[in-house]
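Here the structure is laid out as structure tokens; the discussion comes afterwards.
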Amino acid sequence: MADTVREIERKYEADKTTQLPDLAGVDAIATVAEAGTEDLDAVYYDTAGLCLAAEGITLRRRTGGKDAGWHLKLPVAPGVRDEVRAPLSDAPPPELTALLRSRLLDRELVPVVRLRTHRTVQVLRDAQGAPLAEIAVDAVRARRAAAPAGRKKAKPAPAKARWHEIEVELAGDGDPGLLDAVGRKLTAAGVRPASAASKLARALAETGLRREASAGRGDGPDDRPGAGTANGSGKRGDTAGDVVLRYVREQVRAIIELDPAVRRDLPESVHRMRVATRRLRSAFRSYTKVLDRGVTLPIGTELKWLAGELGVERDREVLTERMRAGLAGVPRELRLGPVDARLRIWSERRRTGARGQLLAVLDGPRYLSLLKTLHALLEAPPLRPAAARPAPEVAAQAVLKDYRRLAGRMEAALAAPAGQQRDEALHGARKAAKRTRYAAEAARPALGRPAKKFARRIKRVQQLLGDHQDSVVARATLRELATQAQQAGEGGFTFGLLHGREEALAADRERALPDVWRKASRRKHRAALRP
């Protein structure tokens, strides 16, 4: 079973003569204790094109030291990584390779470099003797484990490299400010921050493996989705294709990067991945003048399927949170029967089934095929002639087209009779509002502040409609729970009370909707979008 450790560290250059300054008295450090030496032997794995290293991800098999085993390091922020650990085995363990599936697809992992490190460790402690951080001086020897296959080298690269470095790692959930204080002391003593982000990065550079992988074909660092794209801001002269493809790449990137987070059950990961799939599908539907619908339509169908699978777990989370909040607002004397326990049992039963189903989907062939299709789409985008036109003109047309669709659905929903027919019409309007909002967000680099403001106004409509739809779903579930409670002889009074409150809330949202829609749909807001 894999476990995870949050690693927060700083790295510095060193040589044989480097002497560490006395760190006692720096920040909260009271004492510096010698902790001996370790000899570590690690083999790092990647694809032939180093697709993991290109994203700052490392997978290694290490022996020696107190944490021997398989280590997968996933970047969180600069200087911060999550290290997922698994016991020693001959081959990369499935619980770790599953976290790499969205990057690897079906490419093979091979040994790329071997690092042998002689480490001298000191522990930095506070006045009570608790460890604050470890500082290690490492003498590193690197050797190529393999050469990228399928091409000739113009000039042989060195097979080996040697260097020294200093690594300062925070203990537990300590204050990262300590590392900053230690870093200032080290630099004042003449120690320079490391130029490479990790030992592996330096080994790949100094043995020539990174250069050879970049020069090759297939899965090199620059072939990953989103590589080399802009940061979301537009540039003067951007074409419609530039803007739309930038947005598409961002969403594909999000799906790929969130895959391991979803597998690890990290907070909000399912929701964020689901949003990325919806945004991508909406972009395909909104910008049909830019991307060939004949190509994107089947991809959109698969994205809808994936969003649906992600939604099983996400909808349970949202619904459970909503009903718990509702119960918290019920006076104790009106909580008749074991209502909290019944809600907890209902939620856990669905969570277990939903979680297993979602993991099976992520491990299945259909999801892998979708990932490959998205890679292929970005390698050869199906651009239509309008993709070469100025971005503002095409983007405004797409947003306004979606707005007109939304306006039609809103008109029908507001005119529908109360009850199931209106509920269904409002749900349809909600979907149209979400699509319009996403189209405006995608257009922001081309249209600037007007698109940002328009998206924000449509989001208010979408949120109100979403709250109404959540109430519809909650009422159906509350009826189910009340029935179960009555069959068990517990009575369904409290669930009926919550049902009534949800009904009142939905009616309140319906009363507020016309005014919210009127403010969002003013003609001047749409006029501001036109270039």
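These values consider heavy atoms only, across backbone and side chains, with no hydrogens, waters or symmetry-generated copies. Since we're looking at a predicted model, the values are computed, not measured. Residues: numbered from 1 along the sequence shown.
- Within a 6.0 Å radius of CZ in Arg264, other residues, nucleotides and ligands contribute more than 12 heavy atoms.
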In sequence, state the C-alpha distance, the side-chain angles, and the governing distance for Asp39 and Thr117, and then conclude on side-chain contact (heavy atoms from CB on, under 4.5 Å).
CA-CA 6 Å; Asp39 287 301; Thr117 303; over 6 Å; no

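- With rounding to the nearest 0.5 angstrom, the CD1 atom of Ile299 is 12.5 Å from the CZ atom of Arg281.
- A donor-acceptor pair is defined here as one N or O able to donate and one able to accept, closer than 3.5 Å; such a pair exists between the side chain of Arg107 and the backbone of Arg103.
- Although no hydrogens or angles enter the test, the distance criterion places no donor-acceptor pair under 3.5 Å between the side chain of Ser347 and the main chain of Leu343.
- Checked for salt-bridge contact, Asp180 and Arg10 meet the test: a charged N lies under 4.0 Å from a carboxylate O.
- Atom CG of Leu124 is separated from atom CG of Leu132 by 7.0 Å, given to the nearest 0.5 angstrom.
- Between Arg81 and Glu9 there is a salt bridge, since at least one side-chain N of the basic residue sits less than 4.0 Å from a carboxylate O of the acidic one.
- Two residues are said to be in side-chain contact when any heavy atoms from C-beta on lie closer than 4.5 Å; Val248 and Phe284 meet this criterion.
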Test side-chain hydrogen bond (donor to acceptor under 3.5 Å, both in side chains) on Ser195 and Glu13; report intermediate values, then the result.
CA-CA 8 Å; Ser195 57; Glu13 307 281 358; 3.2 Å; yes

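- Taking every heavy atom of both residues into account, Asp27 and Gly177 meet most closely at OD2-O, 4.4 Å.
- Note on Arg322 versus Asp467: salt bridge recorded, some NZ/NE/NH1/NH2 to OD/OE distance being below 4.0 Å.
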Enumerate donor-acceptor pairs with a distance under 3.5 Å from any side-chain N or O in residues 165-174 to protein atoms, sequence neighbours excluded.
residue	atom	partner	partner atom	Å
Glu165	OE1	Trp163	NE1	3.0
Glu165	OE2	Lys11	NZ	3.4
Glu165	OE2	Lys199	NZ	2.7
Glu167	OE1	Lys11	NZ	2.4
Glu167	OE1	Lys199	NZ	3.2

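- Side chain of Arg101 to main chain of Asp363: a donor-acceptor pair is present (N/O by atom type, distance under 3.5 Å, no hydrogens or angles).
- Using a 4.5 Å heavy-atom threshold, the side chains of Leu100 and Pro260 count as separate.
- Nearest heavy atom pair, residue Leu204 against residue Ala53, reads CD1-CB, 3.6 Å.
- The two atoms that bring Ala439 and Tyr287 nearest to each other are O-OH, 2.8 Å, heavy atoms only.
- Separating the CG atom in Leu23 from the NZ atom in Lys185 is a distance of 7.0 Å, to the nearest 0.5 Å.
- Counted by atom type alone, Gln122 and Glu134 present zero donor-acceptor pairs between their side chains at under 3.5 Å.
- Across every non-hydrogen atom of Leu109 and Thr47, the tightest pair is CD2-N, 4.3 Å.
- A cation-pi arrangement, defined by a distance under 6.0 Å to the six-membered ring centre and an angle within 45 degrees of its axis, is present between Arg366 and Trp305.
- With respect to Glu257 and Arg253, a salt bridge is recorded, a charged nitrogen being found less than 4.0 Å from a carboxylate O.
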Kindly determine whether Arg60 and Lys73 satisfy side-chain contact (heavy atoms from CB on, under 4.5 Å), including the steps that lead there.
CA-CA 9 Å; Arg60 73 186 180 202; Lys73 297 192 180 188; 3.6 Å; yes

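- Here the side chain of Asp126 pairs a donor or acceptor atom with the backbone of Ala130 at under 3.5 angstrom.
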Verify salt bridge (charged side-chain N to carboxylate O under 4.0 Å, His left out) between Arg316 and Glu313, making sure each step is shown before the conclusion.
CA-CA 5 Å; Arg316 181 205 63 83; Glu313 171 64 4; 3.1 Å; yes

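- Side chain of Asp46 to backbone of Leu52: a donor-acceptor contact under 3.5 angstrom is found.
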With side-chain contact (heavy atoms from CB on, under 4.5 Å) as the criterion, how do Leu186 and Val182 come out once you've worked through the C-alpha distance, each side chain's angles and the decisive distance to 0.1 Å?
CA-CA 6 Å; Leu186 291 174; Val182 170; 4.0 Å; yes

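- Asp138 has its side chain out of reach of His164: every pair of non-hydrogen atoms, C-beta onward, lies at least 4.5 Å apart.
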With side-chain contact (heavy atoms from CB on, under 4.5 Å) as the test, would you mind laying out the steps for Val137 and Thr18 before giving the verdict?
CA-CA 9 Å; Val137 179; Thr18 300; over 6 Å; no

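- Within the model, atoms CD1 of Ile345 and CZ of Arg350 stand 11.5 Å from one another, a figure rounded to the nearest 0.5 Å.
- With a 4.5 Å cut-off on side-chain heavy atoms, Arg6 and Val80 count as touching.
- No donor-acceptor pair closer than 3.5 Å links the side chain of Thr187 to the backbone N or O of Val191.
- Under a 3.5 Å cut-off, the side chain of Asp15 and the backbone N or O of Thr17 do form a donor-acceptor pair.
- With a 4.5 Å cut-off on side-chain heavy atoms, Tyr367 and Glu302 do not count as touching.
- Residues Leu99 and Glu95 form no side-chain contact, since every pair of their non-hydrogen atoms from C-beta on lies 4.5 Å or further apart.
- The main-chain N or O of Ser89 is found under 3.5 Å from a side-chain atom of Trp70 such that the two form a donor-acceptor pair.
- In summary, Arg324 and Asp340 do not engage in a salt bridge, as defined by a charged side-chain N under 4.0 Å from a carboxylate O.
- The main-chain N or O of Asp265 is never found under 3.5 Å from a side-chain atom of Ser269 such that the two would form a donor-acceptor pair.
- Expressed to the nearest 0.5 Å, how far CZ of Arg344 lies from CG of Leu327 amounts to 11.5 Å.
- A salt bridge is absent between Arg272 and Glu268; no separation between the charged side-chain nitrogens and carboxylate oxygens falls under 4.0 Å.
- A donor and an acceptor atom, one from each side chain of Arg437 and Gln462, are located under 3.5 Å apart.
- You'll find the side chain of Leu20 stays beyond 4.5 Å of the side chain of Val32, heavy atoms only.
- Looking only at distances, a side-chain donor or acceptor of Arg263 sits under 3.5 Å from a matching main-chain atom of Ala98.
- Val243 and Ala442 get closest at one heavy-atom pair: CG1-O, 3.5 Å.
- Arg274 pairs with exactly one of Asp315, Leu258, Val262 by the side-chain contact (heavy atoms from CB on, under 4.5 Å) rule, that one being Asp315.
- Considering only heavy atoms from C-beta on, Arg249 stays 4.5 Å or farther from Arg246 through its side chain.
- Nearest heavy-atom pair, Pro92 versus Leu59, reported as atom, atom and distance to 0.1 Å: CB-CD2, 4.3 Å.
- Heavy atoms of other residues, nucleotides or ligands lying less than 6.0 angstrom from CD of Glu321 number 12 at most.
- The structure places CG of Leu200 at 13.0 Å from CZ of Arg202, a figure rounded to the nearest 0.5 Å.
- The existence of a salt bridge linking Glu83 and Arg85 is confirmed by a sub-4.0 Å separation between a basic side-chain nitrogen and an acidic carboxylate oxygen.
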